[in-house]
Amino acid sequence: MGVLDGQAALITGASSGIGRATALAFAREGAAVALLARRADELKRVAQDIRAAGGRASVHPADLADREATRAAVEAAAHALGKLDVVVYAAGTNLPKRALAVLASEDWDALVAANLSGAFHVTQAAVARMREQGGGLLIYVSSGAVQRPDVSGVAYQATKHGMVGLAHGTREEEKGNGIRTTVLFPGLTETPLLAKRPVPTPPEVVAQALKPEDVAQACVFVASLPPRARVPELQLLPAGL
């Protein structure tokens with residue numbers, strides 16, 4: 001019996017990094033999971049790993065920047081799961097040319113689409129289902145850069161700040177329907193996103209970073225709480241940095 005036994009969770013960004021680790025962690029704790037990201041082949045590999053360990057997983061590839069494709073994928077996921085207890089928004093990206101002086105307008109648009117509009121599309125579709133069933137939890141993986149500004153780029157920081165507003169605004173509007181939201185603020189985490197930095201992160205710094213599994217465990221903790229409890233925000237930082 002896992003702490004999430006009987007729950008149904010939709011994990012976005014599930015093809016790699018924090019999303020993948022979260023999908024695996026939820027499945028180990030007994031949740032049925034639906035996997036959502038663009039890369040169908042990678043999602044299938046994650047699903048195979050979950051099923052091989054005795055878990056339940058379904059695959060729903062979609063570009064989260066596409067509102068209609070996202071809506072259809074969320075509806076398909078809810079149908080496959082039978083309900084939608086938890087959504088974890090772990091999708092997101094960044095780019096090397098991120099400084100204000102070199103940031104192209106099309107790159108700004110791309111980051112807003114992937115990091116913020118995608119979160120809105122998933123939220124709107126998921127909340128509609130949660131409202132019908134009388135409750136649910138949405139967990140948004142933001143960034144430690146929100147609370148401690150850094151040089152991760154103006155577009156990245158703006159979209160991660162926007163995610164906070166989306167989460168808190170959704171909770172205030174939907175709390176009467178039993179819907180809760182949590183924003184996670186992980187610090188430096190060893191994910192494929194590090195490869196998109198304009199300057200490589202020194203190995204000795206990466207060695208002290210969080211692992212995706214650490215963030216996944218934070219998501220499991222929040223999802224394991226009873227509906228009477230909510231965690232508005234949770235900061236998770238590397239101990240040595």
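All heavy atoms count here, side chains included; hydrogens, waters and symmetry mates do not.
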| request: For residues T93 and K196, determine if any side-chain heavy atom of one lies less than 4.5 Å from a side-chain heavy atom of the other. | output: yes
| remark: Only residue of L35, V74, L64 satisfying side chain to side chain contact (heavy atoms under 4.5 Å, CB included) with T12 is L64
| field | Nonpolar side-chain network containing L193, other nodes, edges under 4.5 Å | value | Y156
| request: Just do the side-chain contact (heavy atoms from CB on, under 4.5 Å) check on V127 and L138 with the steps written out, would you? | output: CA-CA 9 Å; V127 164; L138 298 108; 4.0 Å; yes
| field | Hydrophobic cluster partners of L194 (side-chain heavy atoms under 4.5 Å) | value | L188, V205, V206, L241
| task | Would you name the heavy atoms of A62 and A73 that are closest together and state the gap between them? | result | CB-CB, 3.8 Å
| task | Only pairs at least two apart or in different chains count here, so list each side-chain hydrogen bond (donor to acceptor under 3.5 Å, both in side chains) that has a residue in residues 184-194. | result | E190-K211
| note | Here the gap from I11 atom CD1 to I18 atom CD1, rounded to the nearest 0.5 Å, amounts to 12.0 Å
| query | Hey, mind stepping through Q217 and D214 against side-chain hydrogen bond (donor to acceptor under 3.5 Å, both in side chains) and telling me if it holds? | reply | CA-CA 5 Å; Q217 282 304 115; D214 302 330; over 6 Å; no
| task | Working to the nearest 0.5 Å, report the span between OG1 of T182 and NE2 of H168. | result | 9.0 Å
| said: By the side-chain hydrogen bond (donor to acceptor under 3.5 Å, both in side chains) test, which pairs, at least two apart or in different chains, include something from residues 26-40? | reply: S15-R39, S16-R39
| Among the clusters formed by ILVMFWY side chains lying less than 4.5 Å apart, do I139 and L10 turn up in the same one? | no
| note | Heavy-atom closest pair (A218 atom, L234 atom, distance to 0.1 Å) is CB-CD2, 4.0 Å
| task | Check side chain to side chain contact (heavy atoms under 4.5 Å, CB included) between D85 and all other residues, then give those that pass, not counting sequence neighbours. | result | Q7, A8, K83, Q133
| request: Heavy atoms only: give me the nearest L103-A155 pair and the separation to one decimal. | output: CD2-CB, 3.9 Å
| said: Under 4.0 Å between a side-chain nitrogen and a carboxylate oxygen: does that hold for R20 and D49? | reply: yes
| request: Would you mind listing every side-chain hydrogen bond (donor to acceptor under 3.5 Å, both in side chains) that reaches into residues 113-123, with sequence neighbours excluded? | output: N115-T159, T123-Y140
| query | Does some side-chain heavy atom of F26 sit less than 4.5 Å from a side-chain heavy atom of V88? | reply | yes
| task | Go through the steps for S142 and L184 under the test side-chain contact (heavy atoms from CB on, under 4.5 Å), then give the verdict. | result | CA-CA 6 Å; S142 182; L184 295 185; over 6 Å; no
| query | Where the side chain of K160 meets the backbone of V141, is there a donor-acceptor pair that is under 3.5 Å apart? | reply | yes
| field | R51 side-chain N/O to A57 backbone N/O, donor-acceptor pair under 3.5 Å | value | yes
| Inter-residue atom distance H60.NE2 - L36.CG, 0.5 Å rounding | 8.0 Å
| said: Run the salt bridge (charged side-chain N to carboxylate O under 4.0 Å, His left out) test against E106 and tell me which residues pass, sequence neighbours left out. | reply: none
| query | Can V59 be reached from V122 by stepping across I, L, V, M, F, W or Y side chains whose heavy atoms are under 4.5 Å apart? | reply | no
| field | Heavy-atom pair with the smallest gap, counting every atom of G17 and P192 | value | CA-CD, 4.1 Å
| message | Could you report the tightest heavy-atom contact between A145 and S152, atom names first, then the distance? | response | CB-OG, 3.7 Å
| message | To the closest 0.5 Å, what do you measure between CE (M163) and CG (L166)? | response | 7.5 Å
| task | Output all residues satisfying side chain to side chain contact (heavy atoms under 4.5 Å, CB included) with E132, sequence neighbours left out; order by chain, then residue number. | result | R129
| task | Using the salt bridge (Lys or Arg N to Asp or Glu O under 4.0 Å) rule, collect all pairs that involve residues 223-237, keeping only residues at least two apart or in two chains. | result | none
| From CG (L84) to CD (E75), nearest 0.5 Å | 11.0 Å
| field | Other residues, nucleotides, ligands: >12 heavy atoms within 6.0 Å of R148 CZ | value | no
| Electrostatic pair E172-K175, nearest N-O below 4.0 angstrom | yes
| query | Where do T70 and Q124 land on the side-chain contact (heavy atoms from CB on, under 4.5 Å) test, with the steps shown first? | reply | CA-CA 10 Å; T70 300; Q124 194 171 53; over 6 Å; no
| Which pair of heavy atoms, one from V215 and one from P186, lies closest together, and at what distance? | CG2-CB, 3.9 Å
| query | Tell me, do R171 and P232 make a side-chain contact under 4.5 Å, heavy atoms counted? | reply | no
| Do the non-hydrogen side-chain atoms of S143 and Q157 ever get within less than 4.5 Å of each other? | no
| query | If you link I, L, V, M, F, W and Y whenever their side-chain heavy atoms are under 4.5 Å apart, who else ends up in the same group as F185? | reply | V146, V164, V183
| field | Shared hydrophobic cluster, Y89 / L210 (ILVMFWY, side-chain heavy atoms < 4.5 Å) | value | no
| Can L24 be reached from L236 by stepping across I, L, V, M, F, W or Y side chains whose heavy atoms are under 4.5 Å apart? | yes
| message | Test: side-chain hydrogen bond (donor to acceptor under 3.5 Å, both in side chains). Region: residues 199-209. Which pairs qualify, not counting sequence neighbours? | response | R197-T201
| message | Would a single hydrophobic cluster contain both F221 and V87, if residues Ile, Leu, Val, Met, Phe, Trp and Tyr are joined by side-chain heavy-atom contacts under 4.5 Å? | response | no
| pair V220-T22: side-chain heavy atoms closer than 4.5 Å | no
| query | What distance separates M130 CE from L137 CG, expressed to the nearest 0.5 Å? | reply | 6.5 Å
| Residues in salt bridge (charged side-chain N to carboxylate O under 4.0 Å, His left out) contact with D150, at least two apart in sequence or another chain | none
